[in-house]
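Reckoned from all heavy atoms, side chains included, excluding hydrogens, waters and symmetry mates. As the structure is a computational prediction, the values presented were derived from the model and not from experiment.
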Amino acid sequence: MVARDRLEQLREKFGSAIQRADLPDGSRLFVFVDPAAVKRVCQYIFRDLDARYVISIGADDRPFSGKFVVAHDFAFDHDHLLCSVLTYLPADCPKVDSISDVVPAASWAEREMRDLVGIEPVGHRYLKRLVLPDGWPEGVHPLRKDVSWDHVPKDFNDEHEFTFDEPPEGCTVVPFGPFHPTLDEPAHFRLYVEGEMVRGCEYRGFMAHRGIEKMAESVLGYNDIPMLAERICGICGCVHSVAYVQAVESAAALQPPPRAEWIRTIMLEMERLHSHLLWVGLACHIVGFDTLFMQSFRIREPIMWITEKISGNRKTYALCVVGGVRWDITPPLKVELRAVLDKLEVEWRAVVAAVSKDKNIQKRTVGVGLADPELVKNTGLVGPVARSAGVDIDCRRDHPYAAYDRVDFNVITADGCDVWSRLLVRMSEVFESISIIRQCLERLDDGPLHLPITEELPVGRLGLSSVEAPRGESHHFVITGENNRPRRWRVRAPTYQNLQAIPMMIKDQQIADMTISLGSIDPCFSCTDRLETIDLRSGAVRVWTQRELLELVRTKRGKP
Amino acid sequence: MSHGAISAILGGIWNVGFVLLLAPFCQGILRKVTARVQSRQGPPIWQPYFDLLKLLGKEDIESGESPSMQRFAACLSLSAVLTVAWMVPMGFGAPMNGAGDAILLIYLLTLCGVCTLLAGLASGSTYSLVGISREMMSIIVLEPLFAIAIVVGAMHAQSFRLETVLNGSAYATSGFPWSGLIMLGVILLSFQAFVQRVPFDISEAETELMEGPLMEYSGPKLALFKYAQMARLVIYSALFVALFVPWGSGLAFPWNGLVFAAKLFTLVLLVTLVAATHARYRIDQLIRYVAGLLAIALVALILASYGH
């Protein structure tokens, strides 16, 4: 068993610093290490054993063990193994060595840990706030267990403006966002521009942090969370709901019935189809080729209709519960789905033929937004961005879940490292998805849709799950808990890693390439802010704050 | 008042009216055909008229650094295009024959581009500034192309008089000289850039610069800019017809007008189809592309000076 081999390697190298280990099955490894050894262990796993960095998690475990927990998750993709390096920190001194100088990809996760749980990454080089707004007072950490989910500190100043870094000398600042027609979601890039060339940028995001994890850990129950998880993202919602239930199932050692696994696979692939078609369309729109954008969306529409027939909704399928699924695919639906796929395949071939021959699109995308294998490794990039750099990773094959171990498909890679390669990868993956769905429909066994779960789920267990979203790996980490809800649930969407590479991808490129470079990772942010009204008679300008707007919506009074 | 002056004024008014009436219609055709290519229903063909009327009726909001300059730029952009309309034959002879020559025409065409620069500069937002820096670069390489086309025509016609130059002078009277044919190709290949459509709508690039120089404009001022842009399509098409496809303009009324309209709509259709099947260029790609054309145009100019 590879998991056991890896554990032996760690024990041999670090001896007693490895306090204990847990191997629930051959595909998961939990190693508990001494806080002083965390950095060395992570360096060894990341550099010498060449594992891929996934995410770091901070958790407040004081009510249970009296300590804080930090976990660094890694993936051994060739060994089909997900590994978590955990360490307990004393309640009075939540400090841990930062791993971001040996694992650069951990930079954001450690900043987030500091903001939300108050665990100090010692030695981190850029400790600017990531998630919390600048007007939030020091010392209040929303994800700690003694802070309630709706707590707003008295001295929170929501009018406080962001403090920005100084731009380098000789550069002007071009603000990109918070609202930009090609983003459609709030994120703010301050581009440092010299003429038409971008020399660097600063990113401020997390403008609409919705507190989803806190909500799940303090208010909701195990089977409410899939519905909430689905709302994390408007494009790959089903991915998050599957990843969450799988993490819980893996923690509680539950095995959903085969029919549920087939149906999950079908719906995940349907989601990939709609997402890939949407993205190829958007990419064409960004470079000004609106005809392909419109055609792509026209071809995509029947997918939305058939998922509406299956689940009652175009996009938010509400498919999963812990231990199974809620919707069945009946024989008439099967027939209809097959017809949709046949038509899609023919039409998509025409689009692929048009795009691959188009010199014009190649002009705008070849050599643009470069992410080479080294950047992929260091920043932990996933999905089509990694595959287009020749890095052959795909969770469906490397960490099989649902019914992916029972179907045949190819992992598409390219080696251009640029936007054009990403386009080619995603266009070809559509055909693989069609083939996977056909195989599933062929072999969909009869049987129950979900497990009867009658007892409380075990408490204090760890669960990891990686699901290949259309844009890359979505990773969920769960610690099961009391009151029918998890103690800690950490979501890492693919954009979390991919976005960190944007400053490197757009450096020394033209402004014109900024949108397509950013678009090529298919970024996913979320929404809200403020707006301005002007009184016509007096000409007075009034800025509506977020709070006033909410008030306005709720009370329907004081119309502007 | 002499007979000539009256006919010039009447002809000018006819031309201006013709451009104002026809420009939104051409835009309507463009949008409808684009929609058909994209498997869409598309807006009614009269939609651009309604759009302009709606914009004209809106409140005139002043956002930007120097409002008076912005208003001036908006008015100038449309009036510059309409002044060109006085000098270009629209199915009939050019009305302002005696008053201006081909050199003035070249100046006025450049003025249309300068208006966009003014508009962007006066509004002073970052995106506008990036937009006008692109506009400026493209004007520098683009404007010489049409100037060369006109000068080549003037050389063949041995005159800078408008009615001689704008009457198929690219080919002179002596069959098809090489220089004329070369310029025909060059102008056809760069036509999208003159009328500011994809793949060369770089200075406005909605998905990159959010309309660039026009970003701060709304209401009546935006209507004037939009109107000017629609008129540009008609004017440049008319210029193209006058220089390169003169056949049939000598026919009797109303046939000359009908033949002209047919040629105009063919060009609009061509512009639409090219725009619908291309991705936008980057500014450096545009400059490289046009610089190549410029080199070819210079060869044509040399050939023309030797009478070929």
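Expressed to the nearest 0.5 Å, how far CG of A:D290 lies from OG1 of B:T277 amounts to 12.0 Å. Atom CE of residue A:M294 and atom CZ of residue B:R40 lie 4.0 Å apart, to the nearest 0.5 angstrom. Atom CD of B:Q38 sits about 9.0 Å away from atom CZ of A:F293, to the nearest 0.5 Å. The NE2 atom of B:H278 lies 7.0 Å from the CG atom of A:D358; values are rounded to the nearest 0.5 Å.
Heavy-atom contacts from other residues, nucleotides or ligands closer than 6.0 Å to CZ of B:F72 number 12 or fewer. By the neighbour-count criterion of 12 heavy atoms within 6.0 Å, atom CE of B:M137 is densely surrounded, having more than that number from other residues, nucleotides or ligands.
What you find for B:R282 and A:V368 is that their closest heavy atoms are NH1-CG2, 3.9 Å.
Looking at A:V173, the atoms closer than 4.5 Å to chain B (heavy atoms on both sides) all sit in the backbone: N, CA, C or O. For chain A, the nearby parts of B:S39 are the backbone and the side chain; heavy atoms of each come within less than 4.5 Å.
Counting heavy atoms from C-beta on, the side chains of B:Q285 and A:N360 never come closer than 4.5 Å.
Of the N and O atoms on the side chains of B:D284 and A:Q510, at least one donor lies less than 3.5 Å from an acceptor on the other residue.
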